[in-house]
Chemist: 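First the structure, then my questions, so here it is.
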Amino acid sequence: MSFELIARWSPPLVARVTGGLFVLYIAASFLADTLAKIGVTDSQQVFTAMTSNPLAFRLGLLAAFVSGFIFVVTAWALYVLLARVGPQWSLLFLLLNAVGVAVQCASLLALIGALQLVDPVGGPPDLSRAQVNALAYWSITVYETGFVAAQLFFGTWLFPLGYLVYRSGFLPRVLGVLLILDGVAEMVWLVQALVVPTRPDLRVPGIYVSLLAEVGLALWLLIMGVKVPDGQAAEARVPPTGMGRSSG
């Protein structure tokens, strides 16, 4: 699909496609958390999910990887929608999102290692069950640390995104404010998890802010779309300089 064709999509169509992708990402993340406890959880819950129902855990891992892919595509769709509001800021949030997804997907590899360790058929034959469990818990801890580290990028991408939503003129400004507050909440989670891990209660208010901001944006885009005046809508379908040129 060429950049020229994408650029000629109407803003309402881009908005609804973006909202649909965002909802799919949220659904895939929820599935990963339900099946494999991948997300805001603890080592014991992950280990129990891994050992009690390995098939469900594998499906949860698959959902987690798919959700990462959908999240990058969602960020790209937001870039298409908001690039004309601020091209540099749009590129920044797209890059931050992509790095965050890369870090999070890399952390999931530790869970694959833990799953292989506890496999009664394919696990290491020369280790006792206690040693295997200890190594599995260590791998889960590595995953959790990587998941938390990814929040540096998942938090900071919300600042330029919220700024552009606020400035756009075709999305509610309150969503822009909520997204910026969501970024602050992600930073609080990052600091809490790395500096004061014994105080998970500090991130609880931020969880509600995140749900309100991200689910609110997804549903608004999907259901309400955007309304752009006719003159601006025609202009938005004209590719910016350099877009639509073939590489050959």
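Just the heavy atoms: all of them, side chains too, but no hydrogens, waters or symmetry mates, feed the values below.
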Chemist: Does Leu82 reach the side chain of Leu161, with side-chain heavy atoms less than 4.5 Å apart?
Modeler: yes
Chemist: Any non-hydrogen side-chain atom of Phe57 less than 4.5 Å from a side-chain atom of Asn53?
Modeler: no
Chemist: Rounded at 0.5 Å granularity, tell me how far CD in Glu214 sits from CG in Leu212.
Modeler: 10.5 Å
Chemist: Can you find a heavy atom in the side chain of Phe170 that is under 4.5 Å from one in the side chain of Pro11?
Modeler: no
Chemist: Could you state whether Leu181 and Phe93 fall into the same hydrophobic cluster, counting links through intermediate Ile, Leu, Val, Met, Phe, Trp or Tyr residues with side-chain heavy atoms under 4.5 angstrom apart?
Modeler: no
Chemist: So, for Tyr79 and Pro87, which heavy atoms are closest and what is the spacing to 0.1 Å?
Modeler: CE1-O, 4.3 Å
Chemist: Take Leu219 and Val23, measure what side chain to side chain contact (heavy atoms under 4.5 Å, CB included) needs, and give me the verdict at the end.
Modeler: CA-CA 7 Å; Leu219 293 180; Val23 169; 4.3 Å; yes
Chemist: With the 4.5 Å side-chain cut-off for hydrophobic clustering, are Val148 and Val209 part of the same group?
Modeler: no
Chemist: Are Leu62 and Arg58 packed together at the side-chain level, in the sense that at least one heavy-atom pair is separated by less than 4.5 angstrom?
Modeler: no
Chemist: Could you list the residues that satisfy ring-ring contact (aromatic ring centres under 6.0 Å, His included) with Tyr25, not counting sequence neighbours?
Modeler: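 ring-ring contact (aromatic ring centres under 6.0 Å, His included) list for Tyr25, sorted by chain: Phe71.
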Chemist: For the OG1 atom of Thr51 and the CG atom of Leu117, what is their distance to the nearest 0.5 Å?
Modeler: 12.5 Å
Chemist: Would you check if Val165 and Leu178 make a side-chain contact, meaning some heavy-atom pair closer than 4.5 Å?
Modeler: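 Result no, sub-4.5 Å side-chain heavy-atom pair not found.
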Chemist: Are the side chains of Val85 and Ser90 in contact, using a 4.5 Å heavy-atom criterion?
Modeler: no
Chemist: Count the heavy atoms belonging to other residues, nucleotides or ligands that lie under 6.0 Å from CZ of Arg16, then report whether that count exceeds 12.
Modeler: yes
Chemist: Just wondering, do Leu109 and Ile112 contact through their side chains at under 4.5 Å, heavy atoms?
Modeler: yes
Chemist: Run the salt bridge (charged side-chain N to carboxylate O under 4.0 Å, His left out) test against Arg129 and tell me which residues pass, sequence neighbours left out.
Modeler: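 Arg129 satisfies salt bridge (charged side-chain N to carboxylate O under 4.0 Å, His left out) with no other residue.
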Chemist: Working to the nearest 0.5 Å, report the span between CE of Met50 and OG of Ser139.
Modeler: 8.0 Å
Chemist: State which residues pass ring-ring contact (aromatic ring centres under 6.0 Å, His included) with Phe159; sequence neighbours excluded, sorted by chain then number.
Modeler: none
Chemist: Would you check if Leu158 and Ile180 make a side-chain contact, meaning some heavy-atom pair closer than 4.5 Å?
Modeler: no
Chemist: Evaluate whether atom CZ of Phe147 has more than 12 neighbouring non-hydrogen atoms of other residues, nucleotides or ligands under 6.0 angstrom away.
Modeler: yes
Chemist: Which pair of heavy atoms, one from Ser67 and one from Ala28, lies closest together, and at what distance?
Modeler: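 Shortest heavy-atom separation between Ser67 and Ala28 comes out as CB-CB, 3.6 Å.
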Chemist: Treating Ile, Leu, Val, Met, Phe, Trp and Tyr as nodes and any side-chain heavy-atom pair under 4.5 angstrom as an edge, say whether Leu91 and Tyr166 lie in one connected cluster.
Modeler: no
Chemist: How many angstroms lie between atom CG of Leu164 and atom CD of Gln88, to the nearest 0.5 angstrom?
Modeler: 10.0 Å
Chemist: Carefully, step by step, assess Leu81 and Leu221 under the rule side chain to side chain contact (heavy atoms under 4.5 Å, CB included).
Modeler: CA-CA 11 Å; Leu81 182 66; Leu221 289 170; 3.9 Å; yes
Chemist: At their closest point, which heavy atom of Ile38 faces which heavy atom of Ala64, and how far apart are they?
Modeler: CD1-CB, 3.9 Å
Chemist: Determine whether Leu217 and Met224 fall in the same hydrophobic cluster, where Ile, Leu, Val, Met, Phe, Trp and Tyr are linked whenever their side-chain heavy atoms lie under 4.5 Å apart.
Modeler: yes
Chemist: Output the distance between atom CG (Asn97) and atom CH2 (Trp76), rounded to the nearest 0.5 Å.
Modeler: 13.5 Å
Chemist: What is the minimum heavy-atom distance between Ala77 and Leu21, and which atoms define it?
Modeler: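 For Ala77 and Leu21, the tightest heavy-atom pair comes out as CB-CD1, 4.0 Å.
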Chemist: Identify the two heavy atoms, one from Ala114 and one from Ile140, that lie closest to each other, and give their separation to 0.1 Å.
Modeler: CB-CG1, 4.2 Å
Chemist: Look at the side-chain heavy atoms of Ile, Leu, Val, Met, Phe, Trp and Tyr, link any pair under 4.5 Å apart, and say whether Leu13 and Leu222 land in one connected group.
Modeler: yes
Chemist: Work out which heavy atom in Gly60 is nearest to a heavy atom in Ala36; give both atom names and the distance.
Modeler: CA-CB, 3.8 Å
Chemist: Could you state the interatomic distance from CG (Asp42) to NZ (Lys37), rounded to the nearest 0.5 Å?
Modeler: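 Taking CG in Asp42 and NZ in Lys37, the distance rounds to 10.0 Å.
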Chemist: What's the verdict on side chain to side chain contact (heavy atoms under 4.5 Å, CB included) for Thr18 and Val14, showing C-alpha distance, side-chain angles and the deciding distance?
Modeler: CA-CA 6 Å; Thr18 304; Val14 174; 4.0 Å; yes
Chemist: Before you tell me yes or no, could you show the steps for Leu135 and Gln131 under side chain to side chain contact (heavy atoms under 4.5 Å, CB included), namely the whole-Å CA-CA distance, both residues' side-chain angles and the distance that decides it to 0.1 Å?
Modeler: CA-CA 6 Å; Leu135 285 173; Gln131 290 172 319; 5.6 Å; no
